[in-house]
S.K.: 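Got a structure for you, written out below as structure tokens; questions coming shortly.
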Amino acid sequence: MNTVYENEAFFQEYANMSRSRKGLCAAGEWHQLKPLFPPLAGKTVLDLGCGYGWHCKFAAEQGAVRILGIDLSQKMIEEAKKRNQAEQIQYCVCGMEQYEYPKNMWDCVVSNLALHYIEDLEQIFQKVYQTLKPKGTFLFNIEHPVFTAGVGQDWIYAQDQTPKYWPVDHYFAAGERTTHFLGHEVVKQHHTMTQILMGLINQGFELQVVEEVQPPQEMMHLAGMKDELRRPMMLLVKAAVKKSMENQ
């Protein structure tokens, strides 16, 4: 994971984002992500890259009995403990690459806008498969390959500064991309659609839902939101575990 979130200036900019201030209702993907959650009453949930803990709190509200949110950023975890605490939620400063992933531990693993910081995505998929119980669910939102393959992850602008088009280059060259986000250089990892979806299948997952995010109609009045319909920014994937206890 990228440690830019420990930069105080960057973190303050992040804190000013609408989704940081208002939570899930201000996240453009939530209207599509929320229906994909399996029933969580009585279940255990692991949140990879939990950020402020919004999804952990949602899981608690849905009746999950044990929830662990991990994030590499100390600042994120501190904020999560302030904003989204509940008796059944535990937060831990830990990168998703360093987590132990105990076998058959969790009913649901969720990750929102964190996996595009991971270089070896298939290794994470393998570990998630290992830690999920039989019939468990892996639900994640990752930046869309068209977005991560964007040149500088920005539009090409006309002279009047209106977006002309979204440039995509070196699509099949997976790997590190340096982008500008909230006034800072941020290093992300580009993965192709094939790598994301076949990576899951190769590890034994069964794909249940693949959706590209479109902003909801009620957000169309916000600045720049209509342009989000011109190219996909996020990719939602719901995958199920096919293993049985007998083959563990």
Side-chain angles (χ1 to χ4, degrees), residues 1-20 27-29 47-55 69-80 91-99 101 109-128 138 140-157 163 166-200 212-213 224 228 231-237:
M1 285 281 289
N2 195 288
T3 56
V4 70
Y5 290 88
E6 293 302 279
N7 180 295
E8 183 62 28
F10 178 88
F11 193 77
Q12 289 305 315
E13 289 295 324
Y14 181 86
N16 288 329
M17 294 178 67
S18 181
R19 66 169 58 228
S20 298
E29 74 278 4
D47 188 343
L48 302 177
C50 65
Y52 280 16
W54 298 114
H55 299 89
I70 66 171
D71 200 290
L72 188 61
S73 168
Q74 177 74 41
K75 290 182 179 295
M76 286 289 192
I77 292 298
E78 290 174 356
E79 202 66 31
Y91 291 111
C92 180
V93 179
C94 178
M96 68 176 76
E97 293 160 308
Q98 287 73 47
Y99 179 64
Y101 296 92
V109 175
V110 61
S111 184
N112 191 60
L113 297 177
L115 288 169
H116 46 260
Y117 292 113
I118 298 299
E119 181 178 3
D120 191 345
L121 201 56
E122 194 155 342
Q123 181 185 62
I124 296 298
F125 291 166
Q126 185 274 324
K127 291 179 177 180
V128 170
F138 184 25
F140 65 86
N141 177 25
I142 188 172
E143 286 186 353
H144 197 288
V146 167
F147 187 78
T148 56
V151 180
Q153 290 190 1
D154 201 0
W155 301 94
I156 296 297
Y157 294 93
W166 182 266
V168 173
D169 200 8
H170 300 295
Y171 178 85
F172 290 105
E176 186 176 297
R177 303 290 170 98
T178 300
T179 68
H180 292 277
F181 178 45
L182 299 178
H184 291 73
E185 283 197 348
V186 178
V187 177
K188 299 179 182 179
Q189 298 290 332
H190 167 64
H191 305 284
T192 67
M193 187 73 76
T194 297
Q195 288 174 320
I196 295 169
L197 300 184
M198 289 306 301
L200 290 164
E212 293 159 309
V213 173
E228 293 301 314
R231 56 94 180 91
M233 182 182 182
M234 304 176 198
L235 178 71
L236 303 179
V237 180

S.K.: Rounded to the nearest 0.5 Å, what's the gap from NE2 on H144 to CD on E212? Could you check?
M.R.: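 Reported value, rounded in 0.5 Å steps: 3.5 Å.
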S.K.: Name all residues meeting the ring pair (Phe, Tyr, Trp, His ring centres under 6.0 Å) criterion together with H190; count only those two or more places apart in sequence or in a different chain, and write none if there are none.
M.R.: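 Ring pair (Phe, Tyr, Trp, His ring centres under 6.0 Å) list for H190, sorted by chain: Y171.
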S.K.: Hey, are the side chains of Q189 and E176 touching, using non-hydrogen atoms and a 4.5 Å cut-off?
M.R.: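 The answer is yes; the side chains approach within 4.5 Å.
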S.K.: Nearest heavy-atom pair of A80 and G53: which atoms, and what distance?
M.R.: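 That would be CB-N, 3.9 Å.
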S.K.: Take F140 and L200 through the test side-chain contact (heavy atoms from CB on, under 4.5 Å) and record every step on the way to the result.
M.R.: CA-CA 12 Å; F140 65 86; L200 290 164; 3.8 Å; yes
S.K.: Between CD of Q153 and OG1 of T178, what distance do you get to the nearest 0.5 Å?
M.R.: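 OG1 of T178 is found 10.0 Å from CD of Q153.
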S.K.: Work out which heavy atom in V213 is nearest to a heavy atom in G28; give both atom names and the distance.
M.R.: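 For V213 and G28, the tightest heavy-atom pair comes out as CG1-O, 4.0 Å.
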S.K.: Is there side-chain contact between Y117 and M96, with heavy atoms separated by less than 4.5 Å?
M.R.: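 Y117 vs M96: side chains apart.
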S.K.: Start with the C-alpha distance between I142 and S111, add both sets of side-chain angles, then the distance that settles side-chain contact (heavy atoms from CB on, under 4.5 Å), and finish with yes or no.
M.R.: CA-CA 8 Å; I142 188 172; S111 184; over 6 Å; no
S.K.: Given side chains that start at C-beta, do those of V168 and P145 come closer than 4.5 Å, heavy atoms only?
M.R.: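 No, side chains not in contact.
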S.K.: Roughly how far, to the nearest 0.5 Å, is CG of L48 from SG of C94?
M.R.: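 It comes to 9.5 Å.
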S.K.: L121 vs I196, test: side-chain contact (heavy atoms from CB on, under 4.5 Å). Steps then yes/no.
M.R.: CA-CA 8 Å; L121 201 56; I196 295 169; 3.9 Å; yes
S.K.: Going by the angle between their ring planes, with limits at 30° and 60°, are Y99 and Y101 parallel, tilted or perpendicular?
M.R.: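 Ring orientation of Y99 relative to Y101: perpendicular.
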S.K.: So does N141 get a backbone contact from the side chain of N112, meaning a donor-acceptor N/O pair under 3.5 Å?
M.R.: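 It does not hold such a pair.
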S.K.: Search all heavy atoms of C50 against all heavy atoms of G69 and return the closest pair with its distance.
M.R.: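 So the two residues come closest at SG-C, 3.5 Å.
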S.K.: Under the side-chain contact (heavy atoms from CB on, under 4.5 Å) rule, collect the residues that match up with Q195, sequence neighbours excluded.
M.R.: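 In terms of side-chain contact (heavy atoms from CB on, under 4.5 Å), with neighbours along the sequence ignored, Q195 is linked to A174, H191, T192.
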S.K.: How many angstroms lie between CZ in F125 and CG in L115, if you round to the nearest 0.5 Å?
M.R.: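 Result: 6.0 Å between the selected atoms.
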S.K.: Mind checking the NZ-CG spacing from K188 to L113? Nearest 0.5 Å is all I need.
M.R.: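 The distance works out to 8.5 Å.
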S.K.: Rounded at 0.5 Å granularity, tell me how far OG1 in T194 sits from CZ in F172.
M.R.: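 The CZ atom of F172 is 6.5 Å from OG1 of T194, to the nearest 0.5 Å.
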S.K.: Any side-chain donor-acceptor pair under 3.5 Å between Q74 and E78?
M.R.: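 Yes, a side-chain donor-acceptor pair sits under 3.5 Å.
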S.K.: Report yes if some heavy atom in the side chain of M193 is under 4.5 Å from a heavy atom in the side chain of M198; otherwise report no.
M.R.: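 No, side chains not in contact.
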S.K.: With distance as the sole test, does E143 use its side chain to make a donor-acceptor pair with the main-chain N or O of M234 at under 3.5 Å?
M.R.: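 Side chain of E143 to backbone of M234: no pair is present.
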